[in-house]
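Take a look at the structure below.
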Amino acid sequence: MVPMKPGVRRRASRPLAAYDLFADLAATPGREVIADGAMILRGFLRDEGEAILRAIDSVAARAPFRRMVTPGGFTMSAAMTNCGRAGWITDRRGYRYTDVDPESGRPWPELPALFVDVARRASAAAGFRGFVPDACLINCYEPGARLSLHQDRNERDFTAPIVSVSLGVPAIFLFGGAERSERPGRWRLEHGDVVVWGGPARLAFHGVVALAEGKHPLTGSRRFNLTLRKAL
Ligand code: MD3
Ligand code: FE
């Protein structure tokens, strides 16, 4: 038997695997719990921002950022690209993962080893075991760009967490509940902050408020977000 820390309650039955240490790790300084299963790791990658931005540049050299069209015909305000075995796209036919970049017909660039390592370290810091991403969506926000409330549902396995990395100009992140109608909470995410979303938070509604004007020494007026996922 593993002795239980006093004051830490665990579920009698664990509904979702690989998430059993969440409550203990949430008590670490610099951690903020958004909801059960969703944890901010403040400044987790502050010292690695430049290296991650260089890796984003090398992905974008082979698969340039582009603004995609939703099935309803709207052009998204954030520009996106992907790396990994699967890349998330949207067009008039729907939202889905593809193994090739539709703009070039070539496979998406490989996941940089640094991104795989970041996903492993961050998910472990939030108590999720064995997370290996195969997809990374990279979002680029200019002032005014936003992401309306949505769920991430195009992945096959909802037991895997999602790791998101914020770089550049800070943004206000919206975190709602299981229903779109639930009024979302607001969380400011800054350069180097990482959020891990899993367990009961995996299918929560979320979005990003229109980016304010700002200046960051490494990205100028822009914000980048990496979303590391297990898509396949
Ligand atoms: C909460 N991107 O690309 S990832 C997205 O800042 C997306 O660009 C946001 O949402 C951005 O789909 C932030 C944060 C995120 C990702 C998945 C989640 C939050 C989540 C899944 C469940 C709950
Ligand atoms: Fe999302």
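Only heavy atoms go into these numbers, but all of them, side chains included; no hydrogens, no water, no symmetry mates. As the structure lists them, so they are numbered: ligands from 1, and atoms in each ligand from 1.
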- Among all protein heavy atoms, pick out the one at the shortest distance from atom 11 (C) of ligand 1; state its residue, atom name and that distance to 0.1 Å. Tyr141 OH, 3.1 Å

- Which atoms of ligand 1 are found less than 4.0 Å from any heavy atom of Thr227? 2 (N), 3 (O), 4 (S)

- Would you say Val195 touches ligand 1, if touching means a heavy atom closer than 4.0 Å? no

- Applying a 4.0 Å heavy-atom criterion (strictly less than), which segment of Gln151 is in contact with ligand 1: side chain, backbone, both, or neither? neither

- Item | Heteroatom distance test (Arg202, ligand 1): nitrogen or oxygen, under 3.5 angstrom | no

- Query: Under a heavy-atom criterion of less than 4.0 Å, does Phe173 contact ligand 1?
  - Reply: yes

- What angle, to the nearest 10°, do the atoms NE2 (His206) and NE2 (His150) form about the Fe ion (ligand 2)? 90°

- Item | atom 3 (O) of ligand 1 - nearest protein heavy atom and its distance | Asn139 ND2, 3.1 Å

- Message: Can you name the atoms of ligand 1, numbered from 1 with element, that are less than 4.0 Å from a heavy atom of His150?
- Response: 5 (C), 7 (C), 10 (O), 12 (O)

- Task: Tell me which protein heavy atom sits closest to atom 7 (C) of ligand 1, plus the residue, atom name and distance to 0.1 Å.
- Result: Leu147 CD2, 3.4 Å

- Query: For ligand 1, which atoms, with element, lie under 4.0 Å from some heavy atom of Ser164?
  - Reply: 4 (S), 14 (C)

- Rounded to the nearest 0.5 Å, what separation is found between the OG atom of Ser166 and the CZ atom of Arg188? 11.0 Å

- In terms of side-chain heavy atoms, does Thr81 have a donor or acceptor partner in Trp108 at a distance below 3.5 Å? no

- Task: List every atom of ligand 1 that sits less than 4.0 Å from any heavy atom of Leu137, numbering the atoms from 1 in the order shown and giving each element.
- Result: 3 (O)

- Query: Can you tell me which residue and heavy atom of the protein come closest to atom 23 (C) of ligand 1, and the distance to 0.1 Å?
  - Reply: Ala201 O, 3.3 Å

- Message: Suppose we measure from atom 18 (C) of ligand 1 to each protein heavy atom; which comes out shortest, and what is that distance?
- Response: His206 CE1, 3.3 Å

- Item | Heavy-atom pair of closest approach, residues Asp36 and Pro200 | OD2-CG, 3.5 Å

- Task: Would you kindly specify which portion of Arg223 sits under 4.0 Å from ligand 1, judged on non-hydrogen atoms: side chain, backbone, both or neither?
- Result: side chain

- Message: Using a 4.0 Å cutoff against the non-hydrogen atoms of Val208, which atoms of ligand 1 qualify?
- Response: 6 (O), 9 (C), 11 (C)

- Where does Ala38 meet ligand 1, judged by heavy-atom distances below 4.0 Å: at the side chain, the backbone, both, or neither? neither

- Message: Looking only at distances, can you tell me whether any N or O atom of Trp197, backbone or side chain, sits closer than 3.5 Å to an N or O atom of ligand 1?
- Response: no

- Message: Checking one value in my table: which N/O/S atom of Asp152 lies closest to the Fe ion (ligand 2)?
- Response: OD1

- Taking atom CG of Leu232 and atom OH of Tyr97, what is their separation to the nearest 0.5 Å? 8.5 Å

- Nearest 0.5 Å, what's the CZ-CG distance between Arg121 and Leu45? 6.0 Å

- Task: Using a strict 4.0 Å cut-off to heavy atoms of Arg229, name the atoms of ligand 1 that fall inside it.
- Result: 3 (O), 5 (C), 12 (O)

- Item | Euclidean distance, Asp134 CG relative to Glu155 CD, rounded to 0.5 Å | 9.5 Å

- Note on the structure: d(Asp193 CG, Glu32 CD) to nearest 0.5 Å is 8.0 Å

- Does a sphere of radius 6.0 Å around CD in Gln151 hold more than 12 heavy atoms from other residues, nucleotides or ligands, not counting ones at 6.0 Å or beyond? yes

- Closest protein heavy atom (residue, atom, distance) for atom 17 (C) of ligand 1: Asp152 OD2, 3.1 Å

- Query: Using 30° and 60° as the class limits, which term best fits the ring planes of Trp197 and Phe173: parallel, tilted or perpendicular?
  - Reply: tilted

- Message: Among Asn225, Val59, Asn82, Thr227, exactly one meets side-chain contact (heavy atoms from CB on, under 4.5 Å) together with Ile138. Which residue is that?
- Response: Val59

- Item | Atoms in ligand 1 flagged as close to Ala204, the criterion being non-hydrogen separation under 4.0 Å | 22 (C), 23 (C)

- Can any side-chain N or O of His216 pair as donor or acceptor with the backbone N or O of Gly214 at less than 3.5 Å? no

- Mind checking whether Trp88 and Tyr95 have parallel, tilted or perpendicular rings, split at 30° and 60°? parallel

- Atoms of ligand 1 close to Ile162 [distance to a heavy atom under 4.0 angstrom, numbered from 1]: 16 (C), 17 (C), 21 (C)

- Query: Got a sec: does the CZ of Arg85 have more than 12 other heavy atoms crowding it under 6.0 Å?
  - Reply: no

- Item | Nearest-0.5 Å distance, CG of residue Leu167 to CD of residue Glu50 | 11.0 Å

